[in-house]
Amino acid sequence: MNSMPGNFDGTAAVVCFCILLAPLALAGLAIANCGLGRSRSASHAMLSVLCVMGVAALAWLFCGVAWQGYPGRPAHAITLAGAHWNWIGAGPFFLRGLPLDASPPALAAWLQIFTVALAALIPLGAGADRWRLGAACLSTALLAGWTYPLFAHWVWGGGWLAQLGAQHGLGGGFLDPGGASSIHAVGGLTALAVAWIVGPRRGKFSAEGTAAIPGHNAVLVGFGALLAMPGWIAVNAAGSLLFAGATPAALPLVAINTTLSAGLGALAAAAMTRFRFGRPDASLCANGCFGALAASSGCCLLVTPASAALIGLMAGALVAWSVELLDLRLGVDDPGGSISQHAIGGIWGLMAAGLFARADYAREGQMLAQLVGIATLIGFVLPLSYGLNWLLNHLYPQRVSAEGEWQGLDLYELGAGAYPEFVIHREDFPQR
Amino acid sequence: MVLSRTLRHGFAAGSMLLKTGGFFFLLSGWAIVLGALALLGSPAARGAFMAAGMALEIGGLAILVRSHRAPGGRSR
């Protein structure tokens, strides 16, 4: 498939413009994660982002691009029970054979240098304050070189999930225009695996209860959410054009849906925390906003603005509830709220795409197709990510030493703090 | 001392077993979903088997959450 719907040149120009804005999503997520961590690891958090982006781009361009492929490009498939199961791309490594022009495969490759980096930034939020820089880079290489391209091939590369409609009569196949599954749920489930493997921060859980360790800069967190919004709109728009067959005429709908969803997600989280704790919580509102953005990625093209508003509201409330559930009940220490924002928000967006799809996309079996995709994320991607990170942990321990955690990752791994003028670190946090 | 070490070892072994069981449930649930897709034609039967597969996955997730919590509620 080397043609794009609508006027090709104009569409390619729109896609290029959107891709140029995509790094804003990474910047927003990076500074929000930095603000949600401890001040003594702030510099480490930002350096990790830069290193992880580089590793993700390299791993994805080296082998990921070959395994992910693009509809119409070479792929491996098996025939089982009369159906064709296209499971992995078969292109050459390191971009060989890919026309580096304004063709859709080349634009998709460019976009995905950023989206794979976005997926790789998500686990950084869950491993904040105790995940070694080297381990984060190695884990990113596994994510960007294998897990992401494999799943993205199934969804965006003409793989078996995309063909659920043609091969198995399930609606239009698994739909995910903006990457709620391939970027956010894959990143969020990897974040869960990382949080389990590296364990909680020292002093987080004890026999007395769970300590509330607040983020060190709520302004960074809020600004990150604001900065991420235009980037998210751009990623959703470019994804809709490149992977969901949308024309540029659909972009206002994508942008309106994404913006509505994000705004109402933040509002829902504010209302939820006001109801729950008596006052709105700034960092949970940002979490709600990010969760609603992740949800919008799954359905931005497929639903009406009214449905997008409802989906954003639900996502914001769900994320605020889920952050508390993971922290207080399930014993998962996720300082950035990455698991709730991206895994829970993204999976909710994929379900919502099946539940609220507009008439053009509401075909028979669509909901089942979405559920097959969600089952694949939980039943395949989570064990795969956990297994890879577990193996890595045995070869190269991922958690920093107790001394390093006490010192802070800035001093221990980098030798200098982010805020040398201010050196106040608390060790005692109120129990909840 | 010996007792606490034995208990800790027992907990670790049990936790490993739980983790393995949890991942087995996740993969089995996914296999059921794929099997329903490949082998069943009727939408009702497909839907029922997919629901069963997803229920198994949720069970697996619950086991995994349990297996990653140490006695003090600590995640490991």
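Chain letters run A, B, ... following the sequence lines, proteins first, then strands; residues in each count from 1.
Taking both residues in full, the closest heavy atoms of B:Leu26 and A:Pro383 are given as CD1-CG, 3.8 Å, listed atom of the first, atom of the second, then distance. Residues A:Ile374 and B:Met54 come closest through the heavy atom pair CG2-CE, 3.9 Å. The two residues A:Arg329 and B:Arg69 have their closest heavy-atom pair at O-NH1, 2.5 Å. The two residues B:Met50 and A:Val372 come nearest to each other via the heavy atoms CE-CG2, 3.6 Å.
Proximity to chain A (any heavy atom under 4.5 Å) is shown, for B:Ile58, by neither the backbone nor the side chain. Only the side chain of A:Leu164 has a heavy atom closer than 4.5 Å to any heavy atom of chain B. For chain B, the nearby parts of A:Ala375 are the backbone and the side chain; heavy atoms of each come within less than 4.5 Å.
In this structure the side chain of A:Leu170 reaches within 4.5 angstrom of the side chain of B:Arg46, judged on heavy atoms.
In this structure, the separation between CG on A:Leu192 and CG on B:Leu61 is 7.5 Å, given to the nearest 0.5 Å.
Other residues, nucleotides and ligands contribute over 12 non-hydrogen atoms within 6.0 Å of the OH atom of A:Tyr396. At most 12 non-hydrogen atoms from other residues, nucleotides or ligands lie less than 6.0 angstrom from CZ of B:Phe49. The 12-atom threshold is not exceeded at CZ of B:Phe25, counting heavy atoms of other residues, nucleotides or ligands nearer than 6.0 Å. Within a 6.0 Å sphere centred on CH2 of A:Trp321, other residues, nucleotides and ligands contribute 12 heavy atoms or fewer.
Note: A:Trp196 and B:His68 have parallel aromatic rings, judged against thresholds of 30 and 60 degrees for the angle between ring planes.
Residues of residues 27-37 of chain B lying within less than 4.5 angstrom of chain A, judged on heavy atoms, are B:Leu27, B:Trp30, B:Val33, B:Leu34, B:Leu37 in numerical order.
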